[in-house]
Amino acid sequence: MESNSPKDTLVRSQETESLVKRLAGPSSGKAGLAKDQTEINRIISDASKGSKFYENEKKKDKEVTVRIEKILKYKEEAFKNLDVAKVEASMDHLIEQLEEQRDLTQLIVHVDMDAFFANVELLDNPSLAGKTFAVVGKGVLTTASYEARKFGVRSGMAAFIAKKLCPHLILVENRHWRYSEISDQIMGIFHRYDPDMCPAGCDEGYLNITAYCEEHAMTAEECVREIRETVFRETKLTVSAGIAPNKNKPNGQYQLDFDAKAIKAFTHDLPIRKVPGIGRVSERLLEAIGIKASTCGDIYTQRAVISIMDKQFGLVYLLRTYLGISSNTVQAHTREERKSIGAERTFSTLHKLDDILAKLDEVAAELEKDMQEDGWVGRTITLKYKLDTYRVFTRAKSVDHWVSKKEELYAVRQMIHSSHLTNINILLDWQRPAPP
DNA sequence: TACATACAC
DNA sequence: TATGGTGTATGTA
């Protein structure tokens with residue numbers, strides 16, 4: 001039923017706006033909006049329109065809208081008989097307690113390679129210098145050169161969409177082994193400054209340089225400059241670093257004052273989307289409850305709402321974000337802490353059960369190989385599959401013995417209840433390493 | 001334990 | 001023509 005009341009038009013246009021933003025991909029908001037992001041988003045949306053992917057994104061966007069409606073209804077109900085001043089006072093008390101936990105004694109550094117895959121390709125192929133290019137794997141971009149980013153090209157974007165934004169974009173195939181090689185080299189350098197450093201993916205990590213600075217009578221700034229120079233000398237690649245929570249890219253470093261006031265001033269204007277753990281969905285939910293400018297300063301003004309919906313939003317996490325206090329211990333993950341291993345394949349839609357089972361066999365074989373290499377066994381096998389509509393199903397089964405063989409992984413075939421599959425993922429959760 | 005969702009890289 | 005792969009955390013039932 002068509003309706004043209006101003007309110008309906010407004011609701012529809014808001015929905016479209018959130019969908020268009022969603023289609024722009026998870027990394028578009030993180031990196032900061034380009035000047036003509038609206039035009040970029042329109043091109044992306046037009047290129048997607050009509051596809052099954054688009055329809056699925058529309059469905060998920062609608063689900064978030066419904067979630068927001070429920071949240072607002074709940075909020076309205078809860079506020080009816082709420083002594084807001086009292087709740088706010090108790091939040092202020094909690095904030096005081098959290099503030100007492102602030103520890104400014106540790107020098108924590110976040111190091112992050114600039115456009116890592118793209119710059120490795122540039123290193124091995126200097127003719128790419130100054131060109132708009134992107135590294136692509138399985139039709140999806142993993143990195144874009146800085147020149148390409150100016151066109152709105154982002155990691156995670158489908159290659160054919162990127163081509164619409166930037167028709168002369170050069171696509172370079174992923175070379176994983178090469179990135180691993182250089183990653184090992186970089187991590188080796190970071191280790192010299194903090195043996196307990198915690199890698200985050202293959203191109204970034206967290207370091208506690210307190211001890212190093214003490215032993216070498218250096219300031220954090222001097223130390224980080226040295227780290228960055230060493231990485232450049234040994235790899236010819238640039239790295240950026242934030243001492244405290246900020247990052248300054250490319251080839252930069254930034255140190256935030258070690259002072260509660262300066263840190264709070266920093267978070268006050270920090271878009272909440274930049275906080276790790278706040279993605280596209282959380283951003284929308286938080287916006288709906290009044291984090292209007294989408295900055296962390298609004299966490300304080302909305303502390304009453306957040307507190308009555310602690311489960312939804314994670315009250316303490318958000319308050320700590322507002323205060324700019326997070327864990328300041330850095331510890332490498334140990335082998336024993338790993339919780340799962342999996343293998344996943346995406347393919348063009350298969351309809352026949354025989355073809356699907358052949359694919360499943362392939363995935364099971366790969367998982368068995370990876371498990372043997374790293375020496376792991378597990379007890380809960382999860383099958384995840386995706387239909388051509390992009391709808392995802394997961395089916396899990398725990399068993400009373402240690403699984404290590406392909407044949408047992410392959411047994412998940414019993415749990416497939418559909419055809420038109422386009423993706424299969426077998427995952428194994430484990431409790432212990434394989435016996436020697 | 002089973003399943004779905006959200007998120008990071 | 002066409003939208004990845006690996007792993008973690010968490011809420012709910």
Side-chain angles (χ1 to χ4, degrees), chain A residues 22-27 29-31 44-45 47-57 59-60 63-64 67 110 112-113 115-117 135-143 154-164 171 173-174 176 179 183 199-206 273-286 309-314 317 333 337-349 363 366-367 370 374 376 379-386 388-400 415 422-431:
Chain A
R22 184 184 180 95
L23 287 164
S27 66
K30 263 312 190 220
I44 295 172
S45 161
S48 291
K49 212 156 275 177
S51 67
K52 287 178 172 164
F53 181 84
Y54 179 91
E55 290 306 316
N56 187 250
E57 290 298 297
K59 195 180 95 194
K60 290 199 279 190
E63 282 164 9
V64 177
R67 242 176 105 177
H110 177 241
D112 191 347
M113 299 299 291
F116 183 51
F117 294 0
V135 181
V136 64
K138 311 269 177 186
V140 172
L141 307 190
T142 54
T143 339
R154 291 281 181 278
S155 63
M157 186 175 272
F160 79 94
I161 302 267
K163 275 277 190 184
K164 297 251 177 193
L171 295 175
E173 272 296 315
N174 252 343
H176 269 118
Y179 314 136
S183 175
C202 66
D203 75 324
E204 64 181 272
Y206 295 87
R273 183 69 174 78
K274 301 230 176 194
V275 176
I278 308 290
R280 283 175 297 177
V281 173
S282 303
E283 184 189 29
R284 262 193 83 191
L285 299 184
L286 286 163
M309 284 186 270
D310 181 14
K311 259 276 170 50
Q312 278 281 341
F313 295 107
Y317 174 73
H333 299 118
E337 284 171 316
R338 199 167 156 181
K339 295 193 171 75
S340 66
I341 188 171
E344 178 177 355
R345 274 304 153 268
T346 297
F347 37 84
S348 45
T349 311
V363 177
E366 175 169 336
L367 183 53
D370 290 350
D374 297 335
W376 287 103
R379 299 181 69 163
T380 302
I381 313 173
T382 303
L383 168 72
K384 193 162 104 188
Y385 59 87
K386 202 187 276 182
D388 62 354
T389 54
Y390 291 89
R391 202 176 149 192
V392 176
F393 296 84
T394 58
R395 296 287 175 263
K397 183 89 187 126
S398 297
V399 292
D400 61 2
M415 306 197 278
T422 174
N423 171 294
I424 288 176
N425 182 347
I426 306 177
L427 191 82
L428 194 66
D429 291 287
W430 53 57
Q431 278 93 352

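Note on naming: letters A, B, ... go to the chains in the order of the sequence lines (proteins, then strands), and numbering restarts at 1 for each one.
Each of dT12(C), dG4(C), dT5(B) was ranked by its minimum atom distance to the side chain of Val140(A); first place goes to dG4(C). In this structure, of dT3(C), dA8(B), dG5(C), it is dA8(B) that holds the atom nearest to the side chain of Arg273(A). Of the candidate nucleotides dC3(B), dA6(B), dC9(B), dA6(B) has the atom lying nearest to any side-chain atom of Val281(A). Taking every side-chain heavy atom of Phe53(A) into account, dT3(C) is the closest of dT3(C), dG4(C), dC9(B). The side chain of Lys311(A) lies closest to dT12(C), out of dG5(C), dA2(B), dT12(C).
Take the nearest nucleotide of DNA chain C for Lys138(A) and for Asp429(A): the residue whose nucleotide is more 5' is Lys138(A).
Residue-level contact check: Ala47(A) touches neither bases nor backbone, having no heavy atom under 4.0 Å from any strand. Among the protein residues, Leu427(A) comes within range of no part of the nucleic acid, since none of its heavy atoms lies under 4.0 Å from any strand. Here Gly279(A) lies in heavy-atom contact (under 4.0 Å) with sugar-phosphate atoms only. No engagement by Lys60(A) is indicated, since no non-hydrogen atom pair under 4.0 Å with the nucleic acid exists. Note on Ile341(A): only backbone sugar-phosphate atoms sit closer than 4.0 angstrom, heavy atoms only; bases stay farther off. Note on Pro276(A): only backbone sugar-phosphate atoms sit closer than 4.0 angstrom, heavy atoms only; bases stay farther off. Using a 4.0 Å heavy-atom distance criterion, Ser48(A) is classed as a base contact. Among the atoms of the strands shown, none is found under 4.0 Å from any heavy atom of Asn425(A). Nucleic acid contact class of Tyr54(A) (heavy atoms, under 4.0 Å, all strands): none.
For the P atoms, the distance linking dT3(C) with dA8(B) amounts to 23 Å, nearest Å.
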What do the steps show when you test Tyr390(A) against Glu55(A) for side-chain contact (heavy atoms from CB on, under 4.5 Å), and what is the final call?
CA-CA 9 Å; Tyr390(A) 291 89; Glu55(A) 290 306 316; over 6 Å; no
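Listed here is the closest heavy atom pair of Ser155(A) and Ser27(A): O-OG, 2.9 Å.
With hydrogens and angles ignored, no donor-acceptor pair under 3.5 angstrom links the side chain of Ser340(A) to the base of dT6(C).
Atom CD of Glu344(A) and atom C1' of dT3(C) are 13 Å apart (whole Å).
Of the candidates Leu427(A), Ile426(A), Leu428(A), Leu427(A) is the only one forming a side-chain contact (heavy atoms from CB on, under 4.5 Å) with Thr382(A).
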